[in-house]
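These values consider heavy atoms only, across backbone and side chains, with no hydrogens, waters or symmetry-generated copies. All chains are named by letter (A, B, ...) in the order of the sequence lines, taking the proteins before the strands, and each is independently numbered beginning at 1.
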Amino acid sequence: MPELPEVETIVRGLRAQVQGQRITRVVVHQPRIIHGSRAAFRRLLPRARIACIERYGKYIIFHLDLGAHSAASWCLLVHLGMTGQLHWCRPELPYLKHTHVTFWLANGAQLRFRDQRRFGRLEVIPAKFLSRYFTRLGPEPLEIPFTAFARLFAGRRAVIKSLLLNQSLLRGLGNIYSDEALFRARIHPVTPAGSLDLAALHRLYAAIRRVLRAAIAAAGTSFSNYITAQGQPGEFQFRLRVYGREGQRCMRCGSRVKRTALAGRSSYFCPRCQRRPW
DNA sequence: CGTTGAACCTGTTTGC
DNA sequence: TGCAAACAGGTTCAAC
């Protein structure tokens, strides 16, 4: 579910409400959601202070301050999978279904992790392993310069949509924003990436930046599961131009939006604005 | 290298 | 109305 803009929105909300807080108690309702060392999870999180919170692609990194308990520094990594939610609330709030982990905070509030499909994961790892943990992730789409961006696709025969979803090339894009960027750049999703000319690469680069920034400004896209750290839905679902609009009129040219399956996932595109390369 | 399908889960929508 | 299939924002792995 959550792609870069949703995770960024959650991280900003968490910074405002839980950064600096000490964890006083952790309750794991669904142990299978915890990956890596469960012993480290149980031992280190109670009494840890959340020193700072970062986003890395679609991952959330909580840097822990363990004080005198540990000389090494540790992190809590959270990936939300398809339906994960990480939200701050009062302890009186009734437990909603699929709440897998509850963090009690020193200020009396709680941070709860819910995940209907359980594709999400939480893991405590030493900070020194972070770079190794993330070796397979490419650069941030909002940070990479254009020349490096263009190089990612040179000589690649794979279709552009697959490469946009591939986190080892760029970290953070998912199915929605890949389709939205390709639509805005007027590139057909099955175009071989290496065949994109300089003009097309420029359009794609600009489109990715525009759509991600606009989505962050709108607090992300909510269909059913995604909510911000404050428990609110995003607003970008009202600004989507192709994703989920099969059969509806293209907002640019009025043609019918089509849907095609690519590696088992839906790709939405306008057959007129996004011409096939042959 | 690139693609596909399956696996990990639960819930909703669609079609017969 | 009932039931099965299809589908849902992600990642990883095996097979070809």
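With rounding to whole Å, A:Gln30 atom CD is found 12 Å from B:dT10 atom C1'. One interatomic measurement links the two molecules: CZ of A:Arg121 to P of B:dA7, which rounds to 19 Å at whole-angstrom precision. To the nearest angstrom, P of C:dG10 lies 10 Å from OH of A:Tyr177. We find that CG of A:Leu137 is positioned 8 Å from P of C:dT12, with the value rounded to whole Å. Protein atom CD1 of A:Ile10 is 13 Å distant from nucleotide atom P of C:dG10, rounded to whole Å. Distance, A:Asn175 CG to C:dC7 C1': 12 Å, rounded to whole Å. What separates CZ of A:Arg136 from C1' of C:dT11 is a distance of 9 Å, to the nearest Å. Taking atom CZ of residue A:Phe223 and atom P of nucleotide C:dA8, one finds them 10 Å apart after rounding to whole Å.
Listed pair A:Arg156 / B:dC1 fails the phosphate criterion, with no side-chain N or O lying under 4.0 Å from OP1 or OP2. Within the 4.0 Å cut-off from OP1 or OP2 of C:dA8, at least one side-chain nitrogen or oxygen of A:Ser266 is found. For the pair A:Lys58 and C:dG9, the criterion of a side-chain N or O lying under 4.0 Å from OP1 or OP2 is not met. The side chain of A:Gln167 contributes an N or O atom lying less than 4.0 Å from OP1 or OP2 of C:dT11. The shortest distance between the side-chain N/O atoms of A:Arg259 and the OP1/OP2 oxygens of C:dC7 is below 4.0 Å. Neither OP1 nor OP2 of B:dG11 sits under 4.0 Å from any side-chain N or O of A:Arg117. Within the structure, a side-chain polar atom (N or O) of A:His79 is placed less than 4.0 Å from OP1 or OP2 of C:dT11. Distances shorter than 4.0 Å separate none of the side-chain N or O atoms of A:Tyr226 from OP1 or OP2 on C:dG10.
At distances below 3.5 Å, at least one donor-acceptor pair connects side-chain atoms of A:Glu140 with backbone N or O atoms of A:Gly57.
In this pair, A:Phe119 lays its aromatic ring flat on the base of B:dC8, centres within 5.5 Å and planes under 30 degrees apart.
In this structure, the nucleotide among C:dG9, C:dT12, B:dT3 sitting nearest to the side chain of A:Glu3 is C:dG9. Of the candidates C:dT12, C:dA8, C:dG10, C:dA8 carries the atom nearest the A:Tyr268 side chain, counting heavy atoms from C-beta on.
Using a 4.0 Å heavy-atom criterion, one finds that A:Phe134 contacts no nucleic acid atom at all. Among the protein residues, A:Ser222 comes within range of the nucleic acid bases, having at least one heavy atom under 4.0 Å from a base atom.
A distance of about 13 Å separates the P atoms of B:dG5 and C:dA6, rounded to the whole Å. A distance of about 15 Å separates the P atoms of C:dC7 and B:dT4, rounded to the whole Å. Nucleotides B:dG11 and C:dT11 are separated by 22 Å at their P atoms, to the nearest Å. Separation of the C1' atoms belonging to B:dG2 and C:dG9 is 24 Å when rounded to the nearest angstrom.
Pair assignment for B:dA7 gives C:dT11, based on Watson-Crick or G-U wobble hydrogen-bonding distances that are each under 3.5 Å.
Ring pair A:His202/A:Phe146 is parallel by interplanar angle, where below 30° counts as parallel and above 60° as perpendicular.
Between A:Gly264 and A:Gly155, the one whose closest nucleotide on DNA chain B sits nearer the 5' end is A:Gly155. Checking A:Gln116 against A:Leu165, the closest nucleotide of DNA chain C that is more toward the 5' end is the one next to A:Gln116.
Geometric assessment of A:Arg112 against the ring of A:Tyr95 yields a positive cation-pi assignment under the 6.0 Å and 45° thresholds. The side-chain tip of A:Arg171 points at the ring of A:Tyr56 from less than 6.0 angstrom away and within 45° of straight on.
Looking at A:Arg265, its side chain has no donor and acceptor atom pair within 3.5 Å of the base of C:dA8. If you check distances only, the side chain of A:Ser224 does reach the base of C:dG9 with a donor-acceptor pair under 3.5 Å.
Grouping the Ile, Leu, Val, Met, Phe, Trp and Tyr side chains by contacts below 4.5 angstrom, directly or via other members, places A:Phe223 with A:Tyr268.
Between A:Tyr59 and A:Phe134, the distance separating the two ring centers is shorter than 6.0 angstrom.
Salt bridge present: A:Arg12 and A:Glu8 bring a charged side-chain N and a carboxylate O closer than 4.0 Å.
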